[in-house]
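Here, residue 1 is the first one in the sequence, and each next residue gets the next number. Keep in mind it's a predicted model, so treat the numbers as computed, not measured.
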Amino acid sequence: MSIGVAIIGGGMLRAPTLWKRLRIAYTSSSSRYLCQRRASGKFSPALLKLHESKLTTGKPAVRQATENLTLKAIYSRSLKSAKSLGESLSSVDLYSDDAGSGKSYADLLKRDDIHAVIIALPILKQPDYIKQALKAGKHVLAEKPIAKDVATASELLKWYHDEIDTKKVSWSVAENFRYMDSFLYGTQQVKQMGRVLGFRTRKQTYVQPGSKYYETEWRKTP
């Protein structure tokens, strides 16, 4: 069973660091469960296992991930950006704000053969695009962070749980840490402890001035 997917945000999706997080792989068990969820109308992008290895640049990793996913369309706010990602992808339809009639983001969301979207847009733009996709009944895998600040993110989460039937439409964030082996191992150990009444954790990461993470423009000015 094939799941139709659209990529939202052509320009940003050229970045190698993003492809590391959107490199998708499935275990055999999660692949079977994914098809079951799709058949029941309950497909969950949270089943996407994101790896930071086997980096592939230049082409959407979705096409190389699994036979269960089919890349149907690419949307970017400019046609030039959409074309830059859609090079050599003749079977993929391109959408943009300047592509003419019938080629807008709203038009893409009307397609019955697109079941899920992967959204990677500038932070200030993401919440609105996430809402539109969910309201259209599309499952969403959104790049992190989902909003410019905690208040906006909290409002978006509240809206999702209040306005969307989460049993039918799923929204997941492309946070790669939760799929790392060390975190999966920790999850298994916690489950064996019984009822957890509380916990405390501390994590420190030193990011030096001048590094690519420290100097990223959208981190400095969302």
Side-chain angles (χ1 to χ4, degrees), residues 1-3 5 16-56 61-62 64-69 115-120 123 126-127 130 133-134 137-147 149-208 211 213-214 219:
M1 179 177 295
S2 178
I3 299 168
V5 178
T17 53
L18 182 56
W19 283 126
K20 288 182 181 181
R21 293 198 294 277
L22 293 183
R23 173 65 186 177
I24 305 173
Y26 289 83
T27 61
S28 57
S29 60
S30 67
S31 182
R32 289 195 299 270
Y33 185 61
L34 178 65
C35 292
Q36 293 169 2
R37 295 277 288 183
R38 169 68 189 94
S40 63
K42 298 178 180 179
F43 163 59
S44 173
L47 292 174
L48 300 180
K49 188 176 182 182
L50 309 176
H51 288 276
E52 292 198 4
S53 61
K54 299 180 182 179
L55 172 61
T56 302
V62 171
Q64 305 170 40
T66 169
E67 61 184 13
N68 293 326
L69 295 182
H115 312 108
V117 297
I118 297 174
I119 301 178
I123 300 171
Q126 280 217 139
I130 291 171
L134 291 170
K138 309 302 182 186
H139 306 288
V140 174
L141 177 66
E143 172 63 310
K144 60 180 182 180
I146 60 173
D149 51 38
V150 174
T152 306
S154 297
E155 184 279 329
L156 184 56
L157 287 168
K158 184 178 186 303
W159 174 88
Y160 171 60
H161 289 287
D162 290 347
E163 303 295 331
I164 300 298
D165 186 346
T166 59
K167 293 181 179 179
K168 294 181 179 179
V169 183
S170 300
W171 169 31
S172 185
V173 179
E175 174 51 74
N176 47 308
F177 281 97
R178 57 182 167 152
Y179 295 106
M180 291 181 177
D181 290 341
S182 57
F183 282 76
L184 294 175
Y185 176 79
T187 300
Q188 295 172 355
Q189 298 307 305
V190 169
K191 288 180 178 179
Q192 298 176 16
M193 296 179 180
R195 184 185 178 190
V196 178
L197 299 179
F199 71 93
R200 182 174 63 182
T201 182
R202 175 181 295 177
K203 183 178 185 300
Q204 293 177 316
T205 302
Y206 178 61
V207 181
Q208 245 183 340
S211 75
Y213 300 108
Y214 187 93
R219 287 189 171 93

Looking at every heavy atom in both [X] and [Y], which two are closest together, and how far apart are they?
| X | Y | result |
| --- | --- | --- |
| Ile123 | Pro145 | CD1-CG, 3.8 Å |
| Ala147 | Ala153 | CB-N, 3.6 Å |
| Lys144 | Val173 | CB-CG1, 3.9 Å |
| Glu143 | Gln126 | O-NE2, 3.0 Å |

Please examine the side chains of [Y] and [X], heavy atoms only from C-beta on, and report whether any two atoms are closer than 4.5 Å.
| X | Y | answer |
| --- | --- | --- |
| Val140 | Ile119 | yes |
| Val5 | Ile118 | yes |
| His115 | Lys138 | no |

Among Asp165, Thr166, Ile164, the one residue meeting side-chain contact (heavy atoms from CB on, under 4.5 Å) with Leu134
Ile164
Can you tell me which residue among Trp171, Tyr160, Trp159 is in a side-chain contact (heavy atoms from CB on, under 4.5 Å) with Ile130?
Trp171
Could you give all pairs that pass the salt bridge (charged side-chain N to carboxylate O under 4.0 Å, His left out) test and reach residues 151-162, with sequence neighbours left out?
Lys131-Glu155, Lys158-Asp162
From Ile146 CD1 over to Thr152 OG1, what is the distance, rounded to the nearest 0.5 angstrom?
9.5 Å
Looking only at atom types and distance, does a side-chain atom of His139 sit under 3.5 Å from a main-chain N or O of Ser170, one as donor and one as acceptor?
yes
